[in-house]
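Working notes, beginning with the structure itself.
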Number of protein chains: 2
Amino acid sequence: MKLSDKKRINILDAAEQLFFEHGVQHTTMDQVATQAKASKRTVYNHFASKDVLFDAILSRMFEELEEGEELVFAQHMTIERQLTAIANQEVVLLTSDRFLRIAKIAFMQMLQQPTLAKSIASNQFGCMRYLHEFLQQACVAGELHIEDIDFAAKQFVYQLKSFIFYPVLYGFETSISIQTSQIIEQTVRTFLARYRPI
Amino acid sequence: MKLSDKKRINILDAAEQLFFEHGVQHTTMDQVATQAKASKRTVYNHFASKDVLFDAILSRMFEELEEGEELVFAQHMTIERQLTAIANQEVVLLTSDRFLRIAKIAFMQMLQQPTLAKSIASNQFGCMRYLHEFLQQACVAGELHIEDIDFAAKQFVYQLKSFIFYPVLYGFETSISIQTSQIIEQTVRTFLARYRPI
DNA sequence: CAAAAAGTAAACTATCAAGTGCACTTTATC
DNA sequence: GATAAAGTGCACTTGATAGTTTACTTTTTG
């Protein structure tokens, strides 16, 4: 790999780390340069301004988020097991350092510039990419009975986020202190209590 | 009222408004002074620094949040009606301009200085102040069957917050576009599906 | 109404950080 | 190995803004 490419990556990594730790506002370009082991001039040769650097980081992050397997409804497995599998996968994402970083940086900026929110809101992450389809098929198969599938999908994901993601994002709790398996179990149980046909 | 007291309030109001609109970081003390119709020196005579001013605003906000009626379990009303009443009251709080302002300012700062989160996490707002007690009594009366009351209370409140509060806070949606009555109905329904004795 | 307390306007200091210019060195490429 | 492309270090400009000083006016209070 060329030195130039290495430097570019170093700069992005350094900025991401620093933005995460101190916020975009409180990170100086000198700090970025130092941490990236590059000169400030090189930073500016790659990224014309701090804003451009920030945008580059956001893009890189969103690309990564598109990865991850999409689960499909399977007739031969119980609905509990399948929902539990989906919840498990989602929790892995929500508690990953990577995702928390992205979230923190993006949320900080969103609160400050509302225009950004619109563009981020349109992206879909994790199980939200396929959950609607999954529930639809579970309904067709008679395993679930849901009137408003969009709403139900949100209920499921929001419950996981509320217990697992937001408390850590805002620093109310640490990832370690959260009982994920219990929360997953309760989320599935509540969902089925509401939507399993009688 | 003395001029001095008026000025103090003007300054707090102005700062609150500006912090809400542009964030603490992007609000200058000159702006605060101008908006408060006070001289900058007066601002500094009341509040020794921007940080002191910010703390004063937070304190004032938290005091206001302690207001609001606490509902108690009543034998003669159905549990649906009572939960719906609680949800309604909570939604009024969550969608109020006042609360959204507090939240936005506080959340912005929390993301930037994690120490702040701890002190805020300890405060309880809205129905969280009395919901545990309420559910406990509903269980004693045989109207509900809950194993983990703390968890159930959070489920109830988190669902409302997820659908009504966070989307507005982050600018994904406006308060107007949200169907609160439908969300309240579904929240109560889901809660009862899970916790009403068979 | 006189003294003290508080407010005012505007210029000033100090600091911090974004971004630039330049002379020079290192790395890539033909 | 010569030439171009990229990186380096450091001093510099520029702009923003927190907080202060000063000389003066207004409000409060005994």
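Protein chains get the first letters and strands the later ones, always in sequence-line order, with residue 1 at the start of each.
Side chain of A/Lys50 to main chain of A/Thr27: a donor-acceptor pair is present (N/O by atom type, distance under 3.5 Å, no hydrogens or angles). Judged by distance alone, with hydrogens and angles left aside, the side-chain atoms of A/Gln82 form a donor-acceptor pair with the main-chain N or O of A/Met77 at under 3.5 Å. Under a 3.5 Å cut-off, the side chain of A/Thr187 and the backbone N or O of A/Gln159 do not form any donor-acceptor pair.
Less than 4.0 Å separates DNA chain C from at least one heavy atom of each of the following residues of residues 23-37 of chain B: B/Lys37. Sorted by residue number, the members of residues 40-50 of chain A with any non-hydrogen atom under 4.0 Å from DNA chain D read A/Arg41, A/Thr42, A/His46. For the segment residues 5-20 of chain A, no residue has any heavy atom less than 4.0 angstrom from an atom of DNA chain C.
The salt bridge (Lys or Arg N to Asp or Glu O under 4.0 Å) contacts involving residues 121-134 of chain B comprise B/Glu70-B/Arg129, where partners must be two or more places apart or lie in separate chains. Residue pairs meeting the salt bridge (Lys or Arg N to Asp or Glu O under 4.0 Å) criterion with at least one member in residues 153-175 of chain A: none, sequence neighbours excluded. Identified under the side-chain hydrogen bond (donor to acceptor under 3.5 Å, both in side chains) test for residues 91-104 of chain B, with sequence neighbours left out: B/Glu16-B/Arg98, B/Glu16-B/Arg101, B/Gln17-B/Arg101, B/Glu64-B/Arg98. Among residues at least two apart or in separate chains, salt bridge (Lys or Arg N to Asp or Glu O under 4.0 Å) pairs with a member in residues 18-30 of chain A are A/Asp30-A/Lys40. Pairs engaging residues 90-129 of chain A under the ring-ring contact (aromatic ring centres under 6.0 Å, His included) rule: A/Phe62-A/Phe125, A/Phe99-A/Phe165, A/Phe107-B/Tyr170 [sequence neighbours left out].
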Show me the donor-acceptor pairs within less than 3.5 Å that the side chains of residues 191-198 of chain A make with the rest of the protein, sequence neighbours left out.
unit_1, atom_1, unit_2, atom_2, d
A/Arg194, NH2, A/Glu147, OE1, 3.2
A/Arg194, NH2, B/Gln186, OE1, 2.7
A/Tyr195, OH, A/Gln155, OE1, 2.6
A/Arg196, NH2, A/Glu80, OE2, 3.0

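Here B/Tyr166 and A/Tyr166 bring their ring centres to under 6.0 angstrom of each other.
B/Asp150 is linked by a salt bridge (Lys or Arg N to Asp or Glu O under 4.0 Å) to nothing, counting only residues two or more places apart in sequence or in another chain. The salt bridge (Lys or Arg N to Asp or Glu O under 4.0 Å) test applied to A/Asp13 returns A/Arg60, not counting sequence neighbours.
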With B for base contact, S for sugar-phosphate-only contact and - for none (protein heavy atoms under 4.0 Å), nucleotides 25-30 of chain C reads --SSS-
